[in-house]
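Just so it is clear, the values below take in all heavy atoms, side chains as well, and ignore hydrogens, waters and symmetry mates. So that the names make sense, note that chain A is the first sequence line, chain B the second, and so on, each numbered from 1.
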There are 2 protein chains.
Amino acid sequence: MSLRHAILGILSVKPMSGYELKKVVDGSVGHFWTADRSQIYRTLSALVEEGLASRGTVVQEGRPTLHPHTVTDAGLAELDRWLASPLQAPPTRDAFLARLFFADRLPPERVRALLDARHREVAEELAELEAIEFPPRDALPEGVTELGYALREAARDHGLAHARAELAWIDATRRRLERITP
Amino acid sequence: MSLRHAILGILSVKPMSGYELKKVVDGSVGHFWTADRSQIYRTLSALVEEGLASRGTVVQEGRPTLHPHTVTDAGLAELDRWLASPLQAPPTRDAFLARLFFADRLPPERVRALLDARHREVAEELAELEAIEFPPRDALPEGVTELGYALREAARDHGLAHARAELAWIDATRRRLERITP
DNA sequence: CGCACATATGTGCATGGTCCTCTATATGCA
DNA sequence: TGCATATAGAGGACCATGCACATATGTGCG
């Protein structure tokens, strides 16, 4: 859906090949977005076809040819249009909650096991987020504005806040279950 | 992905037609799951073909024929298998965060507008969740166990907790932005 | 020497999903 | 009278995604 725009956003910072894009997506924005390799290549092709990006060629010795992609002016315009467009929130889908909702078919200890597994997962996620180091504010990497820096911090904090809320909810739910099936 | 299982779960409580299912999905589990009408019908057909549900026929006067679907024993087995299976969390995708991450291209007041819009949305969602009334614990509807009741409350609390965390994060982010672009 | 892994780009296929449209009838509203 | 909405189901087009696989080459390890 908006993988197009996520890619436009990343490319607007710096031209990249599909291969490099994949690594950036996995690393930098991995907390709130993912993309399959083949999907990235397909999306890049589509962007080029639509005139939103242009494809370069860098022949390398000893390794495969690189195809760095650059956002065109039309691409930047589309990116800005998207940034300003009304955000229609996609319907939330939580497979874990769906499971839990119907989990009264399971014996209570299995329900607790579901919560425990979830707790472990989220705790791991939280630890990863907490491990993210930001460079000191007074030494911003080139091309990064103060606003951009703040937004990237905010994105990480979003993950932190929700991970902590999730852990707290799991604890409360555990206590709730203990009360009815000790 | 697990619309199959969500439907099995709902049908396990009470046989239903596709039409009725759609309403239940939109209402009761609407906070964490959605489904397109045609997709529901297709999924029901698939379930019947796989022997996980059976299709009945109720001819009505003056309105279209009903096709209530009932979960078979195989369907219940599949449901239990799914409930107990390891939950591989699908990658999180948050279009709003993606937008915000690249929003340093926008003038600061537009960024604030994004946060404001989001705040309104989440506040509305929160109000809807808060409006949900549960029947008193001592008068459970038939077929609902105490565990089931607690899990449904927990599902709502999940929505509440995250909506509140989101609002708090938005406030913090607003303050963060005010500090750098007063 | 063989094997795994990294670099780099793709194709093909199946799945799951949304959106739009069609078919019928009944009720209610202006 | 006409229009919207509710009831009930279904087909077609299209899209994004994910998995498996293909292609070539280089490096490091045991």
(message) Expressed as a whole number of angstroms, how long is the span from A:Leu47:CG to C:dT9:C1'?
(response) 16 Å
(request) Specify the separation, in whole Å, of atom CD of B:Gln60 and atom C1' of C:dA24. (result) 13 Å
(message) For a quick check of understanding: with a heavy-atom distance under 4.0 Å over all strands, which category does A:Lys22 fall into, base, sugar-phosphate or nothing?
(response) nothing
(request) May I ask you to evaluate whether B:Arg93 reaches the phosphate of D:dT17, defined as a side-chain N or O under 4.0 Å from OP1 or OP2? (result) yes
(message) Within this structure, what is the OG1-CG distance for the pair A:Thr173 and A:Leu100, rounded to the nearest 0.5 Å?
(response) 7.0 Å
(message) Expressed as a whole number of angstroms, how long is the span from B:Ile40:CD1 to D:dA8:P?
(response) 14 Å
(request) Could you check whether the rings of A:His5 and A:Trp82 sit parallel, tilted or perpendicular, using 30° and 60° as the cut-offs? (result) parallel
(message) Quick check for you: among D:dA8, C:dG10, C:dG17, whose closest atom lies nearest to any side-chain atom of B:Gln39?
(response) C:dG17
(message) Of the options C:dT18, C:dT9, D:dG18, whose atoms approach the side-chain atoms of B:Asp36 most closely?
(response) C:dT18
(request) Could you grab the distance from atom NE2 of B:His158 to atom CZ of A:Phe101, nearest 0.5 Å is fine? (result) 13.5 Å
(message) Looking at C:dT9, I'd like to know if its phosphate oxygens (OP1 or OP2) sit under 4.0 Å from a side-chain N or O belonging to A:Tyr19.
(response) no
(request) Using a cut-off of strictly less than 4.0 Å, decide whether A:Arg42 has a side-chain nitrogen or oxygen near OP1 or OP2 of D:dC19. (result) no
(message) Strictly below 4.0 Å: does A:Lys23 bring a side-chain N or O up to OP1 or OP2 of C:dT7?
(response) yes
(request) For B:Pro91 and for B:Pro68, find the nucleotide of DNA chain D with the closest heavy atom, then tell me which residue's nucleotide is more 5'. (result) B:Pro68
(message) Nearest whole Å is fine: how far is D:dA16 P from A:Arg4 CZ?
(response) 8 Å
(message) Need one value for B:Ser17: base, sugar-phosphate or nothing, where a base atom within 4.0 Å counts as base even if backbone is also close, heavy atoms only.
(response) sugar-phosphate
(message) For the CG atom of A:Leu129 and the CG atom of A:Leu160, what is their distance to the nearest 0.5 Å?
(response) 5.0 Å
(request) May I have the distance from B:Arg63 (atom CZ) to D:dA8 (atom C1'), rounded to whole angstrom? (result) 10 Å
(message) Rounded to whole Å, how long is the line connecting atom CG of B:Leu66 with atom P of D:dT7?
(response) 11 Å
(message) Measure CG/B:Leu3 against C1'/C:dT15 and give the value in whole Å, please.
(response) 13 Å
(message) Base, sugar-phosphate or nothing for A:Thr65? Non-hydrogen atoms, less than 4.0 Å.
(response) sugar-phosphate
(request) Please name the pair of heavy atoms, one in B:Arg99 and one in A:Ser85, separated by the smallest distance, quoted to 0.1 Å. (result) NH2-OG, 2.9 Å
(message) What is the separation between atom CZ on B:Arg37 and atom P on D:dG12, rounded to the nearest whole Å?
(response) 16 Å
(request) For D:dA10, take OP1 and OP2 only and decide whether either is under 4.0 Å from a side-chain N or O of B:Tyr41. (result) no
